[in-house]
Amino acid sequence: MRRDAGVLVAFSAVLFLTALGARDLWNPNEPIYGEAVREMAERGEWLVPYVNDLPFGEKPILFYWLARVAGAATFGVSEFSLRLPSAMFGIVGTLLAW
């Protein structure tokens with residue numbers, strides 16, 4: 001059972017993480033979310049995301065927190081770090097569905 005789960009996680013990781021940062025951010029939404037995470041990190045803000053110095057509350061704050069932590073763990077906000085939380089939830093969701 002554990003071996004099956006490990007194989008499933010490994011297979012899911014290959015599918016979800018391959019070329020995660022290879023493409024640029026897709027318009028219209030990904031660049032805006034990336035800017036919000038970048039401005040949060042620049043300001044040292046954790047509660048209110050900003051875009052162009054205006055409060056931006058389009059997504060739940062958990063997404064911004066996870067993207068900011070991923071950016072800190074991967075040396076800055078990038079295509080990879082912005083997509084990493086979604087990929088990780090995809091892997092966990094696959095495991096839970098199994």
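This one's a predicted model, so the numbers in the text were calculated from it and none came from an experiment. For reference, positions follow the sequence shown, starting with 1.
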Peer 1: Spell out, yes or no, whether L15 and V92 are grouped together once hydrophobic residues are joined by side-chain heavy atoms under 4.5 Å, including indirect joins.
Peer 2: no
Peer 1: Do you know the tightest heavy-atom contact between E30 and D24?
Peer 2: OE1-O, 4.4 Å
Peer 1: R68 side chain to V37 main-chain N or O, any donor-acceptor pair under 3.5 Å?
Peer 2: no
Peer 1: Between CG of D53 and CZ of R43, what distance do you get to the nearest 0.5 Å?
Peer 2: 5.0 Å
Peer 1: Mind checking the OH-CE spacing from Y50 to M40? Nearest 0.5 Å is all I need.
Peer 2: 10.0 Å
Peer 1: Tell me, yes or no, whether the heavy-atom count around W98 atom CH2, taken from other residues, nucleotides or ligands under 6.0 Å, exceeds 12.
Peer 2: yes
Peer 1: Should the pair F63 and Y33 be assigned to parallel (<30°), tilted (30 to 60°) or perpendicular (>60°) ring geometry?
Peer 2: perpendicular
Peer 1: So does G76 get a backbone contact from the side chain of S81, meaning a donor-acceptor N/O pair under 3.5 Å?
Peer 2: yes
Peer 1: Let's go through F89 and F16 carefully: what are the C-alpha distance in whole Å and the side-chain angles of both, what is the deciding distance for side chain to side chain contact (heavy atoms under 4.5 Å, CB included) to 0.1 Å, and is it a yes or a no?
Peer 2: CA-CA 10 Å; F89 277 114; F16 284 114; over 6 Å; no
Peer 1: Go through the steps to decide whether L84 and L66 satisfy the test side chain to side chain contact (heavy atoms under 4.5 Å, CB included), and finish with yes or no.
Peer 2: CA-CA 9 Å; L84 184 60; L66 294 173; over 6 Å; no
Peer 1: Taking all non-hydrogen atoms of both residues into account, name the closest pair between P28 and I32 and its distance.
Peer 2: O-CD1, 3.4 Å
Peer 1: Identify the two heavy atoms, one from G34 and one from L82, that lie closest to each other, and give their separation to 0.1 Å.
Peer 2: CA-CD1, 3.3 Å
Peer 1: What's the separation between atom CG in L17 and atom CE in M88, rounded to the nearest 0.5 Å?
Peer 2: 6.5 Å
Peer 1: Answer whether the closest heavy-atom distance between the side chains of N27 and P31 falls below 4.5 Å.
Peer 2: yes
Peer 1: What's the spacing between L20 CG and E79 CD if we round to 0.5 Å?
Peer 2: 10.0 Å
Peer 1: Should V77 and L62 be counted in the same cluster of Ile, Leu, Val, Met, Phe, Trp and Tyr side chains packed under 4.5 Å apart?
Peer 2: yes
Peer 1: Please check: side-chain N/O of E39 versus main-chain N/O of N52, any donor-acceptor pairing under 3.5 Å?
Peer 2: yes
Peer 1: Examine L54 and Y64 and state if one hydrophobic cluster contains both, with Ile, Leu, Val, Met, Phe, Trp and Tyr joined whenever side-chain heavy atoms are less than 4.5 Å apart.
Peer 2: no
Peer 1: Could you walk me through whether F11 and V14 pass the side chain to side chain contact (heavy atoms under 4.5 Å, CB included) check?
Peer 2: CA-CA 5 Å; F11 184 69; V14 168; 5.5 Å; no
Peer 1: Transitively linked via ILVMFWY side-chain contacts under 4.5 Å: L25 with F80?
Peer 2: no
Peer 1: Let's go through V9 and I91 carefully: what are the C-alpha distance in whole Å and the side-chain angles of both, what is the deciding distance for side chain to side chain contact (heavy atoms under 4.5 Å, CB included) to 0.1 Å, and is it a yes or a no?
Peer 2: CA-CA 6 Å; V9 167; I91 293 168; 4.2 Å; yes
Peer 1: Pairs in or reaching into residues 54-67: which pass salt bridge (charged side-chain N to carboxylate O under 4.0 Å, His left out), with residues at least two apart or in two chains?
Peer 2: none
Peer 1: Taking only Lys NZ, Arg NE, NH1 and NH2, and the carboxylate oxygens of Asp or Glu, determine whether R38 and E42 approach each other closer than 4.0 Å.
Peer 2: yes
Peer 1: Same hydrophobic cluster for V7 and M1, using side-chain heavy-atom links shorter than 4.5 Å among ILVMFWY?
Peer 2: no
